[in-house]
Amino acid sequence: MKKAINNAKLESLFEKELVKELYQYGDLKYFTAGEIIMDYGKYIRSMPVILKGTVKVFRKDAQGKEILLYYLSDNESCSMAYGCCISAKKSEVKAVAEEDGELLAIPFVKLNDWLCQYNSWRDYIFNSFNERFLELLNSIDIMAFGNMQHRVRQYLNAKHDLNDRNSVLVSHHQIADDLASTRVVISRILKQMENEGEVILYRNEIKLNKLFFQRVHKPGSEE
DNA sequence: CCATTAAGATACT
DNA sequence: AGTATCTTAATGG
């Protein structure tokens with residue numbers, strides 16, 4: 001009945017008994033790139049822990065535009081989901097799979113039990129909250145005070161962190177969607193960044209130069 | 001080849 | 001910064 005789960009990272013993160021319970025009560029689900037894992041207004045009955053792959057979490061603004069809040073990847077969880085579970089609220093966010101992957105859906109009835117029972121689970125939940133909170137602060141910062149160029153830099157940097165190389169595989173259109181902007185605007189900004197030597201543009205690919213990394217952590221270096 | 005789609009360009013709001 | 005429109009370039013059948 002139950003699928004055999006074997007995840008070394010989980011086993012290093014939690015004590016043996018909890019891992020056993022995770023495997024027993026968690027529901028292993030596979031998702032494919034582009035799949036909507038969670039949508040606005042839906043009730044959440046389980047808390048997802050991402051085992052593999054990357055998930056983007058969106059929020060709708062007042063004008064109905066979607067903006068990217070943060071990414072979730074290996075062994076990370078959505079703290080929004082936790083709050084929704086225990087208070088039986090509807091989802092405020094939408095989660096879309098960036099790439100194929102798998103997640104472990106934890107039934108909400110177990111969440112509180114484990115919180116009391118296992119130190120590692122409590123640490124994990126609090127850590128998850130804290131990380132997400134920091135990312136949110138960062139996002140607010142960018143949206144409220146930053147200009148588009150800064151936002152694009154942050155976006156490229158975040159996407160770069162998730163993978164590996166010094167290039168990001170993404171279309172201008174995709175960036176525009178994620179930042180609630182338009183293709184032309186993103187193209188303009190990227191072109192300018194290219195002229196200044198920060199990046200090199202290709203079709204569906206953006207190479208990041210040294211100058212980019214010098215600037216990305218310094219908001220004060222706009223033109 | 002041609003169809004589709006990404007990206008560049010220009011002009012206007 | 002965003003919209004509309006057109007042109008050009010890359011990609012895949």
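Every chain is numbered from 1 and lettered A, B, ... according to where its sequence line falls, protein lines coming before strand lines. Computed from a predicted model, the values in this text were never measured in an experiment.
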Q. Rounded to whole angstroms, how far apart are CD1 on A/Ile175 and C1' on C/dA1?
A. 16 Å
Q) Hey, is the side chain of A/His172 poking within less than 4.0 Å of OP1 or OP2 on B/dG8, counting only N and O atoms? A) yes
Q | Distance, nearest 0.5 Å, that separates OG1 of A/Thr54 from CG of A/Asp100 | A | 10.5 Å
Q. When A/Trp121 is tested against each of A/Tyr82, A/Phe126, A/Trp114 for ring-ring contact (aromatic ring centres under 6.0 Å, His included), which residue passes?
A. A/Trp114
Q. Rounded to whole angstroms, how far apart are CG on A/Leu169 and C1' on B/dA6?
A. 14 Å
(Q) Strictly distance-based, threshold 3.5 Å: is any side-chain N or O of A/Asn209 a donor or acceptor partner for the main-chain N or O of A/Leu211? (A) no
Q) Tell me: CG of A/Leu179 to C1' of C/dA1, nearest whole Å? A) 13 Å
Q) Of A/Ser171 and A/Arg188, whose nearest nucleotide on DNA chain B comes first from the 5' end? A) A/Ser171
**Q.** Spacing between A/Asn204 atom CG and B/dT5 atom P, to the nearest angstrom
**A.** 12 Å
Q) Roughly, in whole Å, what's the span from NE2 in A/His173 to C1' in C/dG2? A) 14 Å
Q: Decide yes or no, distance alone: a donor-acceptor N/O pair under 3.5 angstrom between the base of C/dG2 and the side-chain of A/Arg183.
A: no
Q: Figure out the CG/P separation between A/Leu201 and C/dA9, and round it to whole Å.
A: 16 Å
Q) Would A/Asp39 and A/Lys94 count as a side chain to side chain contact (heavy atoms under 4.5 Å, CB included) if you check the C-alpha gap in whole Å, the side-chain angles of each, and the deciding distance to 0.1 Å? A) CA-CA 4 Å; A/Asp39 211 343; A/Lys94 181 165 114 178; 3.2 Å; yes
(Q) Below the 4.0 Å mark, does C/dA1 have OP1 or OP2 next to a side-chain nitrogen or oxygen of A/Ser181? (A) no
Q) Think A/Ser187 has a side-chain N or O under 4.0 angstrom from the OP1 or OP2 of B/dG8? A) yes
Q. Between A/Lys191 and B/dG8, is there a side-chain N or O to OP1/OP2 distance below 4.0 Å?
A. yes
Q: Could you tell me the separation between the CG atom of A/Asp177 and the P atom of B/dA7, rounded to a whole number of Å?
A: 12 Å
Q. Does A/Arg203 make a side-chain donor-acceptor contact with the base of C/dT11, cut-off 3.5 Å?
A. no
Q: May I ask you to say what A/Thr182 touches in the nucleic acid, namely base, sugar-phosphate or nothing, with a heavy-atom cut-off under 4.0 Å?
A: base
Q: Please state how far atom CD1 in A/Ile189 lies from atom P in B/dA7, giving the value in whole angstrom units.
A: 14 Å
Q: Consider the side chain of A/Met148, meaning its heavy atoms from C-beta on, and name the nucleotide among C/dA1, B/dA7, C/dA4 that approaches it most closely.
A: C/dA1
Q: Could you pull out all residues at least two apart from A/Lys56 that satisfy salt bridge (charged side-chain N to carboxylate O under 4.0 Å, His left out)?
A: A/Glu98, A/Asp178
